[in-house]
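Quick notes on the structure that follows.
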Amino acid sequence: MAAPDPNRDAYIDLIKRTITNYTYLGGDYSPESFRSVTHYDVPNAQWKIEPLARPATLLTKNQLDLIEQCFISVQERGVPGDFIEAGIWRGGVIILLRALLDAYGIPDRKVFAADSFEGIPKNARAVGDPVDQWRDRWIASLEDVQLNIKRFGLLDDRVKFVPGFFADSLKSLANEKFALMRLDSDSYDSVEESLVYLYPLLSTGGIVIIDDWHLVGCKQAVLNYRARHGVTAELKTFDGNAYWVK
Ligand SMILES: C[S@@+](CC[C@H](N)C(=O)[O-])C[C@H]1O[C@@H](n2cnc3c(N)ncnc32)[C@H](O)[C@@H]1O
């Protein structure tokens, strides 16, 4: 059990408030209820805020808290492996994970950041996934993401980028081992591909977090994968995310 450390907790809390832009845009919301998507003009699918004010992550504070709790859990249980997010957009979760390595004094784990840096591809296999109708494909360039991480002073060789579409790029990780993986790629095909390539690399006792449990394609891809591979570990949900321990 990590010893209580108010300075560590204050640093991580400030990281969470900053990567969501809560400190800038939070208004009267509590950090727990604040969600950057509340700034989204749904009918026109346009951000109401200037591009430079866009947050580094779409996650809520609760979802960021879940990452920290899972991070602490695998660390305390000594689950071997690194951390990965597949579907990073502007890199806010990567910033949080890299900050957690410093905050908890962990010298021997790395953070992998996998993304096309060209947005979500249209489904090739799944039919009728509403994600295919989205206008915003959540594109952020590798250079922009690197700059975001650099601004926090956290861009170093313990952040490993895996650029490319998952169907091609994730094969390169076949010799890696992960303790915590976060899959956030929205569409049926993309979530399925990330599970096919990454889940076998998750250590026993490791945790997988699935974003977008409200998206039918994402949910179906996960349920189908679990059924196909006989995964019966208890699936829990929290603030729109699903997760289980392998
Ligand atoms: C909703 S965004 C991720 C949000 C991010 N995790 C955050 O903290 O806000 C979805 C991301 O998944 C990526 N993505 C989706 N499908 C992909 C695929 N098949 N291969 C590579 N990247 C993919 C997109 O480029 C995009 O950056």
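Keep in mind that this is a model prediction, so the values were computed, not measured. Both ligands and their constituent atoms are indexed starting at 1 by order of listing.
- Applying the ring-ring contact (aromatic ring centres under 6.0 Å, His included) test to residues at least two apart or on different chains, the pairs with a partner in residues 180-206 are Tyr199-Tyr225, Tyr199-Trp244.
- Here CD1 of Ile88 is found 6.0 Å from CD1 of Ile149. Values are rounded to the nearest 0.5 Å.
- Put simply, the side chain of Ile94 does not reach to within 4.5 Å of the side chain of Asn148, judged on heavy atoms.
- Of the residues listed (Lys61, Arg8, Lys16), the one engaging Glu68 in a salt bridge (Lys or Arg N to Asp or Glu O under 4.0 Å) is Lys16, and it is the only one.
- Applying the salt bridge (Lys or Arg N to Asp or Glu O under 4.0 Å) rule to pairs touching residues 153-174 yields Arg98-Asp156, sequence neighbours excluded.
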Filter the ligand 1-protein atom pairs down to N or O on both sides and distance under 3.5 Å, then list them.
{"unit_1": "ligand 1", "atom_1": "6 (N)", "unit_2": "Glu85", "atom_2": "OE1", "d": "3.4"}
{"unit_1": "ligand 1", "atom_1": "6 (N)", "unit_2": "Glu85", "atom_2": "OE2", "d": "3.0"}
{"unit_1": "ligand 1", "atom_1": "6 (N)", "unit_2": "Gly87", "atom_2": "O", "d": "2.8"}
{"unit_1": "ligand 1", "atom_1": "6 (N)", "unit_2": "Asp184", "atom_2": "OD2", "d": "2.7"}
{"unit_1": "ligand 1", "atom_1": "8 (O)", "unit_2": "Thr57", "atom_2": "OG1", "d": "2.6"}
{"unit_1": "ligand 1", "atom_1": "9 (O)", "unit_2": "Thr57", "atom_2": "OG1", "d": "3.3"}
{"unit_1": "ligand 1", "atom_1": "9 (O)", "unit_2": "Leu58", "atom_2": "N", "d": "2.7"}
{"unit_1": "ligand 1", "atom_1": "16 (N)", "unit_2": "Ser190", "atom_2": "OG", "d": "2.8"}
{"unit_1": "ligand 1", "atom_1": "19 (N)", "unit_2": "Ser190", "atom_2": "OG", "d": "3.0"}
{"unit_1": "ligand 1", "atom_1": "20 (N)", "unit_2": "Phe166", "atom_2": "N", "d": "3.0"}
{"unit_1": "ligand 1", "atom_1": "22 (N)", "unit_2": "Ser116", "atom_2": "N", "d": "3.0"}
{"unit_1": "ligand 1", "atom_1": "25 (O)", "unit_2": "Asp115", "atom_2": "OD1", "d": "2.6"}
{"unit_1": "ligand 1", "atom_1": "25 (O)", "unit_2": "Ser116", "atom_2": "OG", "d": "3.2"}
{"unit_1": "ligand 1", "atom_1": "25 (O)", "unit_2": "Gly119", "atom_2": "N", "d": "3.3"}
{"unit_1": "ligand 1", "atom_1": "25 (O)", "unit_2": "Gly119", "atom_2": "O", "d": "3.3"}
{"unit_1": "ligand 1", "atom_1": "27 (O)", "unit_2": "Trp89", "atom_2": "N", "d": "3.1"}
{"unit_1": "ligand 1", "atom_1": "27 (O)", "unit_2": "Asp115", "atom_2": "OD1", "d": "3.3"}
{"unit_1": "ligand 1", "atom_1": "27 (O)", "unit_2": "Asp115", "atom_2": "OD2", "d": "2.7"}
{"unit_1": "ligand 1", "atom_1": "27 (O)", "unit_2": "Trp138", "atom_2": "O", "d": "3.3"}

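- Residue pairs satisfying the side chain to side chain donor-acceptor pair (under 3.5 Å) criterion with at least one member in residues 120-129, sequence neighbours excluded, are listed as follows: Asn123-Asp129, Asn123-Asp132, Arg125-Glu192, Arg125-Glu193.
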